[in-house]
Amino acid sequence: PGSATWTITGSTDAWAVSVFIEEAVNITPPANPYEWVLKFTGSPSTGLLFNNRHVIGTKNYGTIEVATTGSNPAIMVGDTAFDTLKITGVARTLQFGHASGTGYTLTGRDWQISGTAGNLNTLQTYGTTAYNFVKTGGGIVSADYLNLSYSHATPTSPQTWYAGAHSTDGGNNTGWSFTDPAVQQTV
């Protein structure tokens, strides 16, 4: 199979994966799991939107796009690896819940989560436990106009994670620089 794009509209457990579901449902994923695109639409309730928590190990996806509307948060729970995280729209809230292993791993450089002046996108914990972002494959992660809290980002040397100069440090963050990355010139 080639790439797979799934548009998921729902409010509670719009994407719920468990070992039991994987065994019971015959889903043929793309040969490369990073070709998966999951796009969430609709207006989430206070329930879970993306639930990976009953999976053994980390699930790999290509693009996870949150294109929801309304004021309630979209929520991700469980160890997840993705090449691209995208928030469509501004003034959105994305909460990250408990992940028992590595947390949330960004394997690529595509991090499309910036808000705009006066319309920050919020990344925060779902509960009281900090969540982990891990960047693999080199490069930097850059955004702006975020309200960020309870996030632990690695690696920290060299500096990898840039929240942007217009972002707000909501507290309990590590590994983030609330500046813009230095401009790199090529000769």
Separation between CG of Asn119 and OG of Ser114, rounded to the nearest 0.5 Å: 12.5 Å

Thr160 to Lys135 - nearest heavy-atom pair and separation: CG2-CG, 3.8 Å

Over all atoms of both residues, closest heavy-atom pair of Tyr131 and Leu148: OH-CD1, 3.8 Å

Parallel, tilted or perpendicular: ring planes of Phe133 versus Phe96, cut at 30 and 60 degrees: perpendicular

Nearest heavy atoms of Thr156 and Ala153, plus distance in Å: CG2-O, 3.4 Å

Other residues, nucleotides, ligands: >12 heavy atoms within 6.0 Å of Tyr150 OH: no

Thr93 side-chain N/O to Ala91 backbone N/O, donor-acceptor pair under 3.5 Å: no

Approximate separation, where rounding is to 0.5 Å, of Phe82 CZ and Ile64 CD1: 5.5 Å

Min side-chain heavy-atom separation Thr154-Asn132 under 4.5 Å: no

Check: Ile87 main-chain N/O paired with Asn121 side-chain donor or acceptor under 3.5 Å: no

Under the side-chain contact (heavy atoms from CB on, under 4.5 Å) test, residues paired with Asn147 that sit two or more places apart: Leu120, Thr122, Thr168

Aromatic plane relationship, Tyr145 with His166 - under 30° parallel, 30 to 60° tilted, over 60° perpendicular: parallel

Spacing of CD1 belonging to Ile113 relative to CG belonging to Leu94, to within rounding of 0.5 Å: 8.0 Å

Worked verdict on Glu65 versus Thr88 for side chain to side chain donor-acceptor pair (under 3.5 Å): CA-CA 7 Å; Glu65 179 179 356; Thr88 301; 2.5 Å; yes

For Trp176, ring pair (Phe, Tyr, Trp, His ring centres under 6.0 Å) partners two or more places apart: Trp161

Non-hydrogen atoms of Pro181 and Ile140 that approach each other most closely: CB-CD1, 3.6 Å

Exercise: identify the closest heavy-atom pair between Ala67 and Lys39: CB-CE, 3.9 Å

Distance-only polar pair, side chains of Thr84 and Gln112, donor-acceptor under 3.5 Å: no

For Thr179, side-chain contact (heavy atoms from CB on, under 4.5 Å) partners two or more places apart: Tyr162, Ser177

